[in-house]
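Read through the structure below, which is laid out as structure tokens, and then see the notes.
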Amino acid sequence: MLLASLCTAQRLSFSTITNGLENLNVNCITQDRTGYLWVGTENGLYRFDGKQFRKFGPTEGIRGRTIQSLFVGQDGTLFVGTTAGLYSLGPDQRVAEIRAPAPLEDFSIRIGDVFTQSASGQVVVADRSGAYTLTKVAGDQWTAKPLALEPGNIWSVNYALDGTLWYGCGFDLCRYDHGKTTHVSDELLLPKKNWLHLFFDRQGHLWIRSWVQIIEIFPVEKRAESHDLPGEGTAAPYNSLVEDADGRVIASQGASFGLWTNNAWNMIAEKNGLSRFDISALFTDREGSIWMGLVGHGLMRWVGQNQWEAYTSTDGLSDDVVWSSVRDRMGRLWIGTESGLDWIAPGSNEVHVWKSPGIMTVRAASLALDANGYIWMGSAAGSLVKINPQTLAGRQWNVHEVYRLLLGADERMWIATGGGLYVKNAGDGSPPELVTGPGAALPEQRFSDLCIDVGAGGAKTMWAASDAGLFRLAPDGWHKIDMGLAGINPRELTGGQNGVLWASGAFQGIVRLQIAGDRVVETQHVSKPHLLSEQIVAIYMDHRGWLWVGQDAGLTVYDGHTWRGFTESDGLIWNDTDSYAINEDTDGSMWIGTSGGISHLIDPQSIPGHAARLPVVSDMRFGGREISNGATIKWSANSLTATITALSFRDTQHMHFRYRLLGLEQEWVDTTNEIIRYPRLEPGNYRFQAATFNDSGEEISGIREMDFRITPRWWQSQFLYWLLGLVCAIAAARLWRRRIRGLEAQKQHLEIAVQHRTEDLEREKSELLRAREQMRHYAEHDDLTGLWNHRIIVERLRTEVAKSQRERTPLSVILVDLDHFKQINDTFGHLAGDLALKEMGAIFLSSIRLNDWVGRYGGEEFLLILPGSNFNTARVRAEQLRLAVESARLAYGGRLIQITASFGVASGFPTDEGKVIKIADGALYDAKARGRNCIVAAEL
Ligand code: GH3
Ligand code: MG
Ligand code: MG
């Protein structure tokens with residue numbers, strides 16, 4: 001039969017997880033009812049909670065080292081098949097061995113579909129010796145009884161919905177019903193193979209797989225179709241066959257896998273971003289993520305499946321830094337990059353570079369279509385190019401650096417440049433004309449953006465942002481907009497409806513501007529936590545009215561109700577998005593240019609929201625010893641640590657936790673950190689509570705609770721208190737006998753005094769606890785700025801350097817030193833200097849991302865740590881910081897303090913923290929030498 005095969009050339013995202021997995025040969029993967037992922041390797045079983053692996057080996061009762069097959073039963077039991085035994089794990093994750101019935105000594109399980117459970121609950125397992133039924137006896141104990149199937153090798157088992165048991169028998173396929181086995185190979189004309197995998201898809205078709213062959217069986221029609229994967233194929237026992245969340249069959253072969261789509265295999269391979277290592281296990285989790293086990297290389301997850309794809313320079317783009325994109329009327333996608341202009345034909349994935357002698361296409365900042373379907377490209381290097389869609393011939397005009405092209409309502413092409421606003425009239429001969437007029441007679445000014453908003457009755461208004469302010473095009477020419485109380489100068493604009501614009505610029509976050517006539521009448525600022533970062537690089541309003549915000553830390557979309565963030569952990573190809581680089585395609589999908597390629601969000605409307613899942617306490621320890629719910633522990637000077645996880649592998653980046661320890665504190669604490677520490681708890685009853693909430697804090701899960709009790713030592717014990725009480729009572733009784741009358745009168749006073757004393761003690765205790773918290777804070781923070789102090793920030797740097805080495809991600813640090821600060825002290829006084837330091841600290845703190853760190857390194861020196869930032873990103877961030885410092889308005893005693901700072905940046909893959917600081921310090925020294933208020937960046 002003919003095999004059609006689709007080919008995908010796009011780049012997809014896969015993330016590999018190896019950290020903490022001691023054996024990297026993965027044989028099988030499954031997920032239990034709680035949501036833990038279980039990974040069977042050639043040396044032990046591992047439980048994965050999204051952050052860390054925990055080994056289940058001989059200590060926990062699993063003697064077999066090679067884990068071959070995993071299965072979760074209907075009651076939540078996890079069955080673990082190894083080469084030397086069979087085990088069950090109940091809901092409390094305690095291991096029990098399932099003994100093999102005599103005369104068999106030990107079970108020996110093979111890789112494949114060797115577990116099944118019928119609709120009525122019957123569990124069957126196959127091993128090298130035959131098939132067995134498993135029955136639950138007392139508690140979490142299971143027993144095995146032989147099942148009378150055909151003698152010989154049983155390779156796989158699977159119950160059909162009607163209760164018949166299908167199994168791979170020798171070189172045949174068998175069906176077992178009412179105690180009787182039927183061979184079906186001849187009837188279905190199947191090749192003679194060992195069938196290792198069998199499962200029923202959602203149509204009730206039976207899929208079977210040997211090492212190489214894949215066959216779909218139609219049980220009702222009694223026929224079979226062969227669906228072997230294209231290509232040579234690696235014959236391996238671990239080639240898998242599973243279903244994805246949409247019921248599509250997935251089969252792996254060697255280092256690639258196929259998705260059965262529209263009756264053909266859609267192959268995903270190394271060219272799509274997959275690793276070059278063989279896939280040895282496949283699994284679809286409850287969130288629909290596809291997991292892969294790799295031979296010798298751990299675990300891998302397909303990120304943003306069916307939602308995100310991308311093109312990078314590896315796929316043929318002229319550059320990874322993408323500035324613009326547009327779909328022309330012939331269906332071509334044009335992509336403007338730092339190094340040139342590319343296009344992709346409809347229905348193809350091949351990237352072509354557009355070139356023409358004498359035409360400059362570098363720094364392709366903006367792309368637009370005109371009314372006749374011509375493609376226009378504006379380059380930030382100073383060219384305007386028009387391309388004929390039929391002949392692909394182009395012509396060029398020289399202009400100032402172009403920021404934005406926009407087709408006006410008058411069907412003329414408007415060009416925002418570094419040297420003024422231009423417009424191109426019809427007729428190829430005429431050059432673009434500089435726009436002058438009553439409002440915009442500013443030819444030397446930079447025009448940074450253009451947009452159109454649609455007013456009542458569909459009237460379109462064009463807006464232009466320039467260094468001289470915001471302008472509106474009215475029938476009588478350009479009008480300058482009075483920014484009113486907003487007091488900002490927009491750099492990038494996007495149009496909404498009825499005079500509503502969104503803007504970004506040299507201020508934090510984005511601003512919604514409501515404009516009436518020529519005046520801003522209402523403004524609304526939006527920043528963190530709705531946005532991922534304060535560094536906005538692009539804003540775009542699509543036809544749905546959704547607002548897209550590109551940042552240096554990812555992409556945010558606002559649909560009018562909810563703000564949602566997308567980062568690399570969701571499938572975005574690179575977190576650092578580029579200016580002007582967001583564009584909507586004709587089908588409503590979105591293209592996002594980043595400095596690591598262009599990402600395509602295929603169907604924005606179908607993306608599930610980030611659900612706040614009920615967290616679990618995956619680990620709670622007191623002095624290193626694990627404790628479980630309801631535990632009673634003896635008091636000691638040890639600390640308590642609790643690890644909480646949402647068990648969501650898709651949304652980890654978007655989950656935040658809230659926790660408290662009742663018995664110690666009433667207030668909830670918000671954190672992104674999964675590991676929580678309580679030093680030295682007093683004896684008492686405690687209840688630990690945790691919940692998760694998503695990015696925007698709009699969805700909050702239920703509360704997970706964990707109770708435990710710390711009992712006092714003998715001198716703190718209840719018995720001693722009673723004894724003391726008794727002694728007191730006897731003494732009191734004697735006293736009472738002697739001075740019965742006098743005491744009667746004093747008794748009341750005494751009671752009141754005791755009560756007051758008790759209250760005082762209680763108050764003192766809680767003050768002490770608060771003081772201890774405060775001391776911890778002071779020990780880690782700088783008094784004046786509230787930033788991390790020198791010791792802590794250097795400690796962080798050490799940790800981040802180690803992390804960067806481990807994960808092979810770049811790391812950047814920025815060392816900032818305020819310029820002529822002594823002079824500021826001398827001129828304005830020391831108090832003003834303090835105020836300035838505080839302000840600068842606040843500026844740095846507000847411009848860092850979630851994972852960044854900022855500390856006060858010395859007197860007027862600050863240290864910023866930017867994990868994951870490379871040389872270019874760090875340089876851009878430093879420049880943004882420099883601008884923020886320079887433009888800060890600091891008033892003191894009626895006078896304005898002007899502050900600038902010098903920046904030393906060190907980026908790369910550092911080996912020790914001392915060296916990073918030394919290099920950043922050297923760069924800072926150079927920046928000072930170059931006249932201050934500038935940046936010097938050095939690569940490690
Ligand atoms: P430059 O770095 O540009 O070379 O000149 P500078 O004047 O900033 O350099 P220098 O290192 O000589 O002076 C740093 C000054 O910062 C000296 C010190 O009085 C002041 N300073 C340090 N810590 C504080 C503080 O906590 N509060 C105030 N008000 N001043 C501080
Ligand atoms: Mg200094
Ligand atoms: Mg200084």
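Atoms within a ligand are numbered from 1 in the order they appear, just like the ligands themselves. Everything quoted here is computed from the prediction, not taken from an experiment.
Using a 4.0 Å cut-off between a side-chain N of Lys or Arg and a carboxylate O of Asp or Glu, Glu762 and Lys765 do not qualify as a salt bridge. Ionic pairing of Arg363 and Glu338 is present here: one or more N-O contacts between side-chain nitrogen and carboxylate oxygen are shorter than 4.0 angstrom. Electrostatic pairing of Arg798 and Glu795 does not count as a salt bridge here, judged by no charged N lying under 4.0 Å from a carboxylate O.
Closest protein heavy atom to atom 8 (O) of ligand 1: Phe821 N, 2.8 Å. Looking only at heavy atoms of the protein, atom 13 (O) of ligand 1 is closest to Lys822 CD, 3.9 Å. Looking at atom 31 (C) of ligand 1, its nearest protein heavy atom turns out to be Asn825 ND2, 3.7 Å. Closest protein heavy atom to atom 1 (P) of ligand 1: Lys928 NZ, 3.4 Å. Protein heavy atom at the shortest distance from atom 9 (O) of ligand 1 is Glu860 OE1, 4.3 Å.
When atom types are taken as modelled, the side chain of Asn789 and the backbone of Ala779 share a donor-acceptor pair closer than 3.5 angstrom.
Listed by number with element, the atoms of ligand 1 under 4.0 Å from a non-hydrogen atom of Gly833 are 29 (N). Here is the list of ligand 1 atoms found below 4.0 Å of a heavy atom in Asp817: 2 (O). Every atom of ligand 1 with a heavy atom of Asp819 under 4.0 Å away is listed here by number and element: 3 (O). Distances below 4.0 Å separate heavy atoms of Arg932 from the following atoms of ligand 1: 1 (P), 3 (O), 4 (O). Atoms of ligand 1 found under 4.0 Å from any heavy atom of Leu818 (numbered from 1 in listed order, with element): 2 (O), 3 (O), 8 (O).
Ligand 1 lies within reach of Arg856, whose nearest heavy atom is under 4.0 Å from it.
Heavy atoms of Glu861 found under 4.0 angstrom from ligand 1: none, in either backbone or side chain. At a heavy-atom distance under 4.0 Å, atoms from both the backbone and the side chain of Asp834 approach ligand 1. Only the side chain of Leu837 comes within 4.0 Å of ligand 1, counting heavy atoms alone; its backbone N, CA, C and O stay farther away.
Within a 6.0 Å sphere centred on OH of Tyr925, other residues, nucleotides and ligands contribute 12 heavy atoms or fewer. More than 12 heavy atoms of other residues, nucleotides or ligands lie within 6.0 Å of NZ in Lys928, so this atom counts as buried by the packing criterion.
Of the listed options Ala901, Ala927, Gly829, Gly859, Gly859 places a heavy atom closest to atom 22 (C) of ligand 1.
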Take Phe688 and Met620, measure what side chain to side chain contact (heavy atoms under 4.5 Å, CB included) needs, and give me the verdict at the end. CA-CA 10 Å; Phe688 179 74; Met620 189 178 263; 3.7 Å; yes
Could you give me the CA-CA distance, side-chain angles and deciding distance for Thr417 and Arg446, then say whether side chain to side chain donor-acceptor pair (under 3.5 Å) is met? CA-CA 6 Å; Thr417 81; Arg446 175 177 70 152; over 6 Å; no
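Aromatic ring orientation, Trp563 versus Tyr558: parallel (interplanar angle below 30°, classes split at 30° and 60°). Classification of the Tyr403-Tyr580 ring pair by plane angle, with boundaries at 30° and 60°, yields tilted.
For atom 6 (P) of ligand 1, the nearest protein heavy atom lies closer than 4.0 Å.
Ile824 CD1 to Ile899 CD1: the interatomic distance, rounded to the nearest 0.5 Å, is 4.5 Å. Atom CE of Met775 is separated from atom CD of Glu780 by 12.0 Å, given to the nearest 0.5 angstrom. Separation of atoms CG (Leu501) and OG1 (Thr494) is listed at 8.5 Å; rounding is to 0.5 Å.
Backbone and side-chain nitrogen or oxygen atoms of Gln823 are examined, and none is located within less than 3.5 angstrom of a nitrogen or oxygen of ligand 1. Not a single N or O atom of Leu784, backbone or side chain, sits closer than 3.5 Å to an N or O atom of ligand 1.
Taking the ring centre of Trp788 as origin, the terminal cationic atom of Arg796 falls inside the region bounded by 6.0 Å and 45° from the ring axis.
A donor atom on one side chain and an acceptor atom on the other are found under 3.5 Å apart for Gln508 and Ser846.
Around the Mg ion (ligand 3), the protein atoms of type N, O or S that sit closer than 2.8 Å are Asp817 OD1, Leu818 O, Glu860 OE1.
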